[in-house]
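Everything on this sheet refers to the single structure shown next.
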Amino acid sequence: PAPGPALPPRRLDAPGRRPLVPDTGEREAVARRAATDRQAPEVKPPPPQDEAATAPIQVKRGRSIAGYKRPELVEIVGRIAQREPDLSDDQIVELVTRLLGCPEDEALLVGARLRYAVSAYREQQSE
């Protein structure tokens, strides 16, 4: 049996086909791009630790609890606990739950993550 239909060779002047030897303007642009690609990327030093520590956590009502990292939740819980030292752990969890305003379908996850954050905060305070 004969092999499938052979495709005709692609024309050298076909649209989308690049010439083998670019014109000098394009050659210079390629050389400039290659030179900048070889340069070391600019590395920014990390911000000083005290600035990063004092930057407030962005709390956006309605944001998913999954969007908050553990240290952020511990910090939020800690701020509430410092402002309201008479609150019990359950009251802190309830207050932060209302402040965050996470979606209702995440209620169990919100409670679990905030209880963990409260216990981590209390453990930090006892050290």
Side-chain angles (χ1 to χ4, degrees):
L7 296 175
R10 191 154 182 203
R11 293 179 31 192
L12 295 178
D13 62 345
R17 184 172 175 94
R18 298 185 69 187
L20 295 176
V21 180
D23 67 5
T24 56
E26 187 177 341
R27 190 177 293 170
E28 291 170 5
V30 169
R32 278 194 304 271
R33 273 197 313 264
T36 52
D37 288 347
R38 283 189 294 252
Q39 292 176 354
E42 183 179 331
V43 177
K44 295 181 182 179
Q49 192 67 351
D50 59 339
E51 283 182 27
T54 59
I57 299 294
Q58 293 296 323
V59 175
K60 183 178 175 189
R61 288 190 55 78
R63 180 175 159 191
S64 171
I65 192 69
Y68 293 98
K69 296 178 182 172
R70 283 183 184 167
E72 292 175 328
L73 293 174
V74 172
E75 183 177 336
I76 293 168
V77 162
R79 289 182 181 184
I80 297 297
Q82 288 173 350
R83 288 183 187 161
E84 302 290 336
D86 296 337
L87 294 179
S88 69
D89 291 356
D90 289 336
Q91 289 172 321
I92 292 172
V93 168
E94 185 180 324
L95 179 58
V96 175
T97 299
R98 284 185 291 168
L99 289 174
L100 295 178
C102 295
E104 284 295 319
D105 62 338
E106 297 180 351
L108 292 175
L109 183 59
V110 170
R113 292 199 68 198
L114 290 178
R115 280 190 294 281
Y116 173 83
V118 169
S119 67
Y121 171 75
R122 298 287 188 214
E123 189 174 301
Q124 286 177 1
Q125 296 307 303
S126 66
E127 292 177 355

From I80 CD1 over to E75 CD, what is the distance, rounded to the nearest 0.5 angstrom?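 Spacing of CD1 (I80) from CD (E75) equals 11.0 Å.
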About how many Å separate CD of E94 and CG of L87, when rounded to the nearest 0.5 Å?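 If we round to the nearest 0.5 Å, L87:CG and E94:CD are 9.5 Å apart.
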Please check this pair: side chain of Q91 against backbone of S88, looking for a donor-acceptor N/O pair closer than 3.5 Å.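 Confirmed, Q91 side chain pairs with S88 backbone.
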What donor-acceptor contacts under 3.5 angstrom involve side-chain atoms of residues 99-114, with partners at least two apart or in another chain?
| from | atom 1 | to | atom 2 | distance (Å) |
| --- | --- | --- | --- | --- |
| E106 | OE1 | S64 | OG | 3.4 |
| E106 | OE1 | I65 | N | 2.9 |
| E106 | OE2 | S64 | OG | 2.7 |
| R113 | NH1 | I65 | O | 2.6 |
| R113 | NH1 | Y68 | O | 3.1 |
| R113 | NH2 | Y68 | O | 2.8 |

Got more than 12 heavy atoms from elsewhere within 6.0 Å of CD, Q125?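 Yes - once you tally the heavy atoms of other residues, nucleotides and ligands closer than 6.0 Å, there are more than 12.
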Counterpart residues, side chain to side chain contact (heavy atoms under 4.5 Å, CB included), relative to [X] (two or more places apart):
| X | value |
| --- | --- |
| R122 | A81, D89, I92, V118 |
| R61 | none |
| S126 | none |
| K60 | R63 |

Which pair of non-hydrogen atoms, one from V74 and one from A120, has the smallest distance, and what is that distance?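 Nearest heavy atoms, V74 then A120: CG2-CB, 3.9 Å.
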Is Q82 close to Y121 at the side-chain level, that is, under 4.5 Å between some pair of heavy atoms?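 They are in contact (side-chain heavy atoms under 4.5 Å apart), so the answer is yes.
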